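Source: prediction; values computed, not measured.
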Amino acid sequence: MDAERRKTLEETTRWDPGAVEQGVFDRWMEGGWFHPSAEGSPAENYSISIPPPNVTGALHMGHALNGSIQDALIRLNRMRGRNTMWILGTDHAGIATQSVVEKELAEQGTPRLEMGREAFIEKVWEWRYRYGNTIVEQYKRLGASCDYERERFTLDEGYVKAVYRVFAELYRKGFVYRDNYMVNWDPGTQSAISELEVENREVTDTLYRIAYPLDDGGELIVATVRPETMLADTAVAVNPNDERYRDVIGKHAILPLVGRRLPVIADEHVDPEFGTGALKITPGHDQNDFEIGRANNLQEISVIGEDGLITDQAPERFRGMTAAEAQAAVIAELRDQDLLRGEEPYAHNVPFSHRSGERIEPLISLQWFCRMDELAKHAIDVVNDGRVRFVPAEPHTKVYLDWMERIRPWCISRQLWWGHRLPVWYRGEETYVGEEAPEGEGWEQEEDVLDTWFSSALWPYATLGWPDTKMPEFQAFFPTDVLVTARDIIFLWVARMIMTSLEFTGEIPFSDVYVHSVIQAPDGRRMSKSLGTGIDPLDEIAEHGADALRFGLFAMSSTQDVRFSQARVQQGRDLANKMWNASRLILLNARDDVEPGPRSERVEDRWIASRLHRAIATVSESIAAYDFSHAVLDLYDFFWSELCDWYLEIVKPRLYDGDDGDEDASASLLWALDQVLALAHPFMPFVTEEIYSYMPDPSAEALVIHRFPQVDDQLIDERAEEEIGGAIALTRALRRWRDLAGVPAKQVLTARADDREPHELVSRLARVQFSEDGGEPIASVSGVELLETEGIDPRAVEARIEERRQKLRAEVKRGEGKLSNEGFVAKAPADVVDAEREKLAAYRAELEELGG
RNA sequence: GGGCGCUUAGCUCAGUUGGGAGAGCGCCAGCUCGACAAGCUGGAGGUCACUGGUUCGAGCCCAGUAGCGCCCACCA
């Protein structure tokens with residue numbers, strides 16, 4: 001180590017992430033270690049495709065957790081020597097991006113519609129080049145080791161080809177079709193959306209009861225929360241088993257305000273218990289009614305248009321009103337005509353657009369759909385036969401399978417400008433679908449674009465060059481190994497990737513789906529900007545460092561939703577700092593002329609090697625089970641409690657005095673440091689890499705490509721663990737006694753060892769001088785007799801002893817009770833009973849020693 | 001309406017197949033001990049939501065109750 005580096009190490013007493021993280025990241029990039037060669041087979045290689053963030057997006061806590069997990073897996077496998085690729089890219093995010101740009105342009109005084117499609121698209125591309133890299137740069141701050149040289153975008157030229165290929169093929173196979181069908185119309189974005197983009201919210205509406213006169217006298221009373229839709233009624237339905245209405249089935253009612261004759265039909269869907277048991281049927285504006293309408297061949301009338309206004313299918317006086325205005329007008333007229341039979345508040349679930357937040361207007365509209373049932377079959381099979389595995393298996397496997405079993409057609413067209421314009425061309429009555437525009441004059445391309453999720457569905461293979469299956473990247477890295485995601489997009493995205501991948505590549509896209517936590521705000525609410533509950537991961541990184549945030553997220557993560565915990569991030573910061581300082585101790589004091597490696601001469605060296613390898617085992621097992629929380633917490637425990645609190649304290653004298661055993665101490669410490677840095681690197685890459693750069697004679701060019709430690713059973717040493725474990729327990733017992741007896745911290749006690757030889761380290765760490773001399777014992781602690789010493793408060797000592805006696809008596813009583821229980825002795829396993837007997841004997845002996 | 005999950009220390013959470021309740025933070029007491037005060041040492045603190053059951057033994061298994069949360073669903 002040159003003098004300047006040494007000086008830095010000496011003077012930097014705190015880990016300062018802000019000062020070094022950027023430099024560390026640059027070294028990784030310069031090393032080219034994130035950019036694998038496209039060689040080898042998918043079986044021997046390791047790859048993950050990132051859930052593509054929206055190109056408009058900013059890194060939020062969900063990305064941070066999701067990214068940290070993937071990065072840990074990627075780094076681990078890279079360190080295990082596999083050719084490893086983390087496929088990076090962004091999503092064009094149709095609606096989200098279009099609205100961001102649209103808003104910006106509107107503020108500048110140019111509404112989108114005025115501007116025209118082409119000019120607008122151009123503006124969005126400009127915007128994309130200006131800001132689209134923001135989130136990618138933010139992933140770098142997190143330390144994400146993606147392949148930044150192969151970044152993709154869902155509107156790349158090649159990607160569009162893949163999308164068009166898939167669309168055209170699905171059309172050719174008869175899965176994709178165009179139809180007039182009931183869709184979820186989002187008035188906010190003026191587009192159809194799929195049922196997965198709809199969320200139900202509880203709303204209190206007014207439930208109106210309205211009398212529909214029958215044409216031969218009498219009336220039927222229907223109940224509705226949307227009286228304005230009655231203008232489009234085409235039937236009234238009752239339950240066929242409802243005695244009250246048996247003889248009106250087949251008759252006709254007269255629709256008030258309109259005068260249309262409505263057949264009274266029978267349908268099982270009608271609940272006789274609800275309202276009056278008579279249901280107005282509006283096939284044009286209600287999902288349920290639409291289906292009843294199709295089943296009964298009813299006319300479909302649309303009185304609310306895509307602009308949300310009443311259409312000319314309604315009586316003239318209502319035309320042009322908004323739905324809300326029409327409702328008021330309808331109610332007013334009904335009241336005048338004395339047809340209103342009641343109104344009451346009614347709480348029910350109402351669909352809202354996930355995108356715009358506006359209330360969904362179910363409308364019949366000409367849209368493109370994709371039939372999913374056949375695609376779903378294979379996607380069900382691969383989960384059933386375990387080729388694709390959810391982690392945790394439950395509840396996700398069941399939820400996935402249930403949903404796939406009753407999958408519905410997917411509305412894939414969107415009335416937007418930003419996205420993949422459908423590869424469909426019309427000329428008069430003709431329709432052409434293909435990857436390229438058709439030959440000939442007069443063809444007009446479809447105006448609609450595809451649902452963003454349609455292109456996302458191809459992500460794992462389209463990013464690697466498909467449909468060109470000869471692409472080296474595709475051959476080397478597809479199928480990928482694992483998909484890491486939160487559960488909210490299992491249907492929207494994960495299921496669809498599995499379906500399209502099986503259909504078009506014949507392969508599963510990934511074998512594991514790891515579903516991680518959703519991070520909530522500390523108070524348990526959703527983390528969201530609009531609620532003001534969001535916590536910006538970049539703020540956390542700026543304040544505590546990327547390693548701290550990553551550690552915190554790992555520590556929090558589970559299979560349940562979790563609340564964000566600042567304390568966990570601070571724990572990570574503290575650990576990074578501890579690593580830095582422990583490393584300073586080692587690097588500044590160890591001899592650099594030794595060959596690092598485990599040493600077996602001294603028990604404490606054997607002990608740390610054994611403990612280290614147990615830690616390697618548990619951490620590795622946890623990662624294999626995707627249990628990141630236990631992985632990092634076990635790592636923390638090993639590093640802090642065993643390596644720092646005990647081993648470093650134990651070896652310090654050998655290190656400082658440069659005498660007896662210092663070579664072994666140095667070799668052992670440098671080796672342990674090397675191993676533990678590698679073990680921690682997937683989780684805390686920056687601090688570990690920076691420390692590694694100070695290692696004398698490092699075995700690897702950089703820690704990022706250092707070999708990940710493997711368990712060596714030869715190093716597990718039960719006897720060393722027992723011996724040092726005993727010394728630790730004794731040290732702690734003595735310290736406890738000192739504290740309780742009020743012995744000043746610096747005062748050295750004298751003691752006599754009773755029938756065993758305490759380790760030298762106990763003497764030092766507990767500040768107890770062992771002596772052969774006699775003297776009056778004033779206390780006995782775990783077999784060690786403490787001798788009379790000046791300055792000890794005898795009352796405190798007696799109190800301490802009495803407290804111990806109390807505890808022992810309680811333990812003895814408990815043990816006796818248990819062992820005198822015939823059931824226990826007869827039925828409990830022998831080893832449990834033996835253990836209980838041994839404990840009891842030990843407690844009795846100690847109690848006797850303390851005089852009762 | 002159906003399904004699932006949660007309830008453990010003041011707070012956030014761990015608790016493997018049933019065999020003496022754990023961590024981090026916070027709190028209390030004492031420490032400038034030649035890495036670290038973002039530190040060191042010691043300590044206090046829990047009817048494991050409630051009720052009942054199974055068992056020699058239950059935080060863990062079973063049944064029920066209450067509260068919270070999530071997902072699914074076409075009762076207007």
*Decide, yes or no, whether a salt bridge links A/D16 with A/R14 under the criterion of side-chain N to carboxylate O below 4.0 Å.*
no
*Between A/R584 and A/E10, does at least one N-O distance fall below 4.0 Å, as a salt bridge requires?*
no
*Mind checking A/W15 for me? I need base, sugar-phosphate or nothing, with any heavy atom below 4.0 Å counting as a touch.*
base
*Contact class for A/W737 vs. all strands (heavy atom < 4.0 Å): base, sugar-phosphate, or nothing?*
nothing
*Nearest listed nucleotide, side chain of A/A567, among B/G39, B/C36, B/C25*: B/C25
*State which of B/U12, B/A14, B/G5 makes the closest approach to the side chain of A/S558.*
B/A14
_Summary of protein contacts for nucleotides 67-76 of chain B, nucleotide by nucleotide, where a base hit scores B, a sugar-phosphate-only hit scores S (4.0 Å, heavy atoms)_ = ---S-SBBBB
Pick out the pairs of N or O atoms, protein on one side and nucleotides 28-34 of chain B on the other, that lie under 3.5 Å.
{"from": "B/C33", "atom 1": "O2", "to": "A/R767", "atom 2": "NH2", "distance (Å)": "3.4"}

*Any side-chain N or O of A/R736 under 4.0 Å from OP1/OP2 of B/G43?*
yes
*Candidate pair A/F290 and A/Y181, rule ring pair (Phe, Tyr, Trp, His ring centres under 6.0 Å), full reasoning*: CA-CA 9 Å; A/F290 176 79; A/Y181 210 80; 5.1 Å; yes
*Is any side-chain N of the basic residue among A/R804 and A/E846 closer than 4.0 Å to the acidic one's carboxylate O?*
yes
*Any side-chain N or O of A/R573 under 4.0 Å from OP1/OP2 of B/A38?*
no
*asked:* Please tell me if A/R568 has a side-chain N or O lying less than 4.0 Å from either OP1 or OP2 of B/C13.
replied: no
*Any idea how A/Y400 and A/F390 line up, ring-wise: parallel (<30°), tilted (30 to 60°), or perpendicular (>60°)?*
tilted
*Is A/K280 salt-bridged to A/D233, cutoff N-O under 4.0 Å?*
yes
